Amino acid sequence: MIPRKYRLKSPAAFSATYRVNNLHRKNGIILLAGMKKNKEIPTKVGFVVSKKTHKRAVKRNRLKRLMRESYRLLLKEDRTGNAGEYISLIFLGQSRALENDFKTTKQTIFELLSEL
RNA sequence: UAAAGCAGCCGGAUAAUCGCGCUUUAUAUUAACUAUAGAGUGAGGAAAGUCCGUGCAUUCAAGGACAGUCCGCCGGAGAAACUCCGGACGGCGCAAGCCGGUGGAAAGUGCCACAGAAAUGAAGACUGCCGAUGGAAACUCUGUUUCACAGGCGAUGGUGCAACGGUGAGUUAAGAGCUUCACCGGAGGUAUCGAGAGAUACUUGCCAGGUAAACCCCGGACGAAUGCAAGAUUGACAGGAAGGCUUUAAAGGUGUCCGCCAACUUCCGGCUAAUCGCUAGAGAUUACAAGCAAUUGUAAUACCAGACAGAUGAUUAUCUUAAAACAGAACACGGCUUAUGAGCUGCUUUAUUCU
RNA sequence: GGCGACAUGGCCAAGUGGUAAGGCAGGAGCCUGCAAAGCUCUUAUCCCCCAGUUCGAAUCUGGGUGUCGCAU
């Protein structure tokens, strides 16, 4: 789990990020990036796996945890690419990504961040 | 040994590193927020489905009548329940055992397609059986056949899920539960046993479909509505509609009516943030006692998730044969139902073999 | 998390316990010189699934699955 100050929290922030519509897809995971920042604040991240993706809460939570852990480790290793230039990021999990293990998920997240 | 039945257990553990939620302590900061460090703690047997029942909260009412909803063998347990335990009866199984929404169809109404003479009304139209009497025919002339018909009968009709108890015999002109018989099924009565559901025995020819998971009748239970996104507090922001003089109609609250409450103001609607609600309980564990059991009582012990974009993850090692199945708390609790992995333990039944 | 509704041919759908209407679409035929229109015929043996009640269930009862909605 990542610390609280790096989390995207308010519904308004989520809808603002969706409006920018800066999409990157790979391997069942979609990355949405918000606007570029003009002052020094932490980049906030949200993780979403909708109920339409899978009915069971266990599998949805599993995917969210894997994505979170991947981002946390990349943040710690300082390998997030240009992600620091954006105000907010959202990772959207889709049904294709449900079966992936941790290593695959981490590699996917890394490649997505490199595309920014 | 094999095949079954019942009851119960487990639902990974330990360590290290990197991390997260909550509580709390210390330090920094005037305080709060926040940051750092330490300590404690952190998903299930179904947390699920939301199928029942409660607590809790708000609004209305606290009265009466009607309606409505639910339940339905007996006894017990329980806060209550489409709940549990013990029994009765019925069904299934060789058996251990399992399953059952199991009051009333003779209070009434409805429905019973097609087929069938007829589908509920105790009908006897029809098809039939018998044959007093009268007529006719032929002959072998005590009679036989045939026609009409008063009457007797309810056996015959093969359709249907179902045909007015069933099967066989007797009786008879023909026949029939026909107070004739045998066996069987049901119903009533009496006696005994049982707390009761009911059981057993004797007896009465008493025997007149099914459906109530159709309306209904009987007996019993229930304040209603809305659900923690209930609701309370604090702070900031900010409305909309109707009526207004009289009459009529309509208009607020509870299922309806009466009644009652509210009536110049009433009704509707809030938005945002924070805090509370929020977890010490019809609770958990252990022991003892009562009871066949469900369950109850007493004592001791500890406090054991409480989030709000929503906490349990990642990597490695060891153990176990293997670490897998179903699956994630959101106010709480009692049940039911459904999903599910690898096994283990105990008892019981049946079959076979050996002693 | 809470509350509620629905499921009938390929599509839209009616159906109060007794053979599952109708329209559109599809197929075949008639008509026409050829088409369109019109006419005739045809397509449900699992009425979302599994049990139960009943002689008989799309319909009644219980359980499950899926889809959609409400406060938003």
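The sequence lines fix the lettering, A, B, ..., with proteins before strands; numbering per chain opens at 1. Quantities reported herein were computed from a predicted structural model and do not represent experimental measurements.
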Complement of [N], any strand, by Watson-Crick or G-U distances under 3.5 angstrom:
N: G154(B); result: none
N: G108(B); result: C215(B)
N: C6(B); result: G346(B)
N: U355(B); result: none
N: A225(B); result: U58(B)
N: U340(B); result: none
N: A299(B); result: U286(B)

Open item on the list: Counting distance alone, no hydrogens or angles: does the base of G19(B) have a donor or acceptor under 3.5 Å from a partner atom on the side chain of Arg65(A)?
Closed with: no
Open item on the list: Tell me if the side-chain of Arg72(A) makes a donor-acceptor pair with the base of C18(B), cut-off 3.5 Å, by modelled atom types.
Closed with: yes
Nearest to the side chain of [X] - [options]?
X: Arg68(A); options: G313(B), U315(B), G310(B); value: G310(B)
X: Ala57(A); options: A329(B), A314(B), A327(B); value: A329(B)
X: Glu69(A); options: U315(B), G313(B), G328(B); value: G313(B)

TODO: Under 4.0 Å between any heavy atoms, over every strand shown, what does Leu66(A) touch: base, sugar-phosphate, or nothing? Just pick one.
DONE: sugar-phosphate
Open item on the list: Judged by each residue's nearest nucleotide on RNA chain B, which is more toward the 5′ side, Asn61(A) or Lys64(A)?
Closed with: Lys64(A)
Open item on the list: For Asn27(A), run the side chain to side chain contact (heavy atoms under 4.5 Å, CB included) check against Thr108(A), Ile109(A), Thr105(A) and tell me which one passes.
Closed with: Thr108(A)
